[in-house]
Amino acid sequence: MVRNIASGVLKYDHKNFEATRNATTSVKSISSDGQKLSYTTGKDKSNLFVNKSLNTGESTDLTVNVVTGVPKRQDRFGYQNINGGKVYNLSFCFPYLSDYRNGKWNYHPYYDAGEKPQQCCKQLPR
């Protein structure tokens, strides 16, 4: 599972900050060794279940081609105007791999105030 965390951040932002509504994110493709891979999304559109099987001990390279607009917001993921220029904070804009433990994907949903301890380790079936 690949997490396009920008999707979760922007979903939150769109509900709470009118100025961020023009920022979007779109996964253009996911590939491995030059071959395009199919994927599905979970209920949370930031979860990308990639159609690639690996045996224990195997590894592969994944390339995730994603286009993400950066919202105008003074936060960890956004930009702001400072001294006639712009400063970009790009935390949460890069896709990453999720953990797979005990036969399940570990899913950590986005919370603007940080992790909620009682919900930090929700697991999804494979």
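Predicted model only: the values in this text are computed from it and were never measured.
- Contact detail for Ser91 and Phe77: the closest heavy-atom pair is O-CB, 2.9 Å.
- Looking at every heavy atom in both residues, Ala23 comes nearest to Gly69 through CB-O, 3.7 Å.
- For Asp99, the side-chain hydrogen bond (donor to acceptor under 3.5 Å, both in side chains) partners are Arg101, not counting sequence neighbours.
- For the atom pair OG (Ser31) and NZ (Lys52), the distance works out to 10.0 Å, reported to the nearest 0.5 Å.
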Practice problem: Dump the intermediate steps for side chain to side chain contact (heavy atoms under 4.5 Å, CB included) on Asn81 and Lys72, then the final yes or no. | Solution: CA-CA 9 Å; Asn81 296 320; Lys72 185 173 184 180; 3.1 Å; yes
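- Between Arg3 and Asp44, some side-chain heavy-atom pair lies under the 4.5 Å cut-off.
- For residues 60-69, the set of pairs meeting the side chain to side chain donor-acceptor pair (under 3.5 Å) definition, not counting sequence neighbours, comprises Thr25-Thr68, Ser32-Thr60.
- Heavy-atom contacts from other residues, nucleotides or ligands closer than 6.0 Å to CD of Glu58 number more than 12.
- Summarising the hydrophobic clusters (Ile, Leu, Val, Met, Phe, Trp, Tyr; side-chain heavy atoms under 4.5 Å, direct or chained), the residues clustered with Tyr39 are Val2, Val27, Ile30, Leu37, Leu48, Val50, Leu62, Val64, Val66, Leu97.
- Rounded to the nearest 0.5 angstrom, Met1 CE and Lys104 NZ are separated by 13.0 Å.
- Evaluation of the salt bridge (charged side-chain N to carboxylate O under 4.0 Å, His left out) test over residues 78-98, restricted to residues two or more places apart or in two chains, returns none.
- Atom CZ of Arg76 is separated from atom SG of Cys93 by 13.0 Å, given to the nearest 0.5 angstrom.
- Both Tyr96 and Val9 are members of a single hydrophobic cluster when ILVMFWY side chains are connected at heavy-atom separations under 4.5 Å.
- Sequence neighbours left out, the pairs with a member in residues 13-23 that pass side chain to side chain donor-acceptor pair (under 3.5 Å) are Asp13-Arg73.
- Lys36 NZ to Ser29 OG: the interatomic distance, rounded to the nearest 0.5 Å, is 6.0 Å.
- Scanning for side chain to side chain contact (heavy atoms under 4.5 Å, CB included) contacts around Asn89 gives Gln80, Val87, with sequence neighbours left out.
- Here Tyr88 pairs with Tyr79 under the ring pair (Phe, Tyr, Trp, His ring centres under 6.0 Å) rule; sequence neighbours left out.
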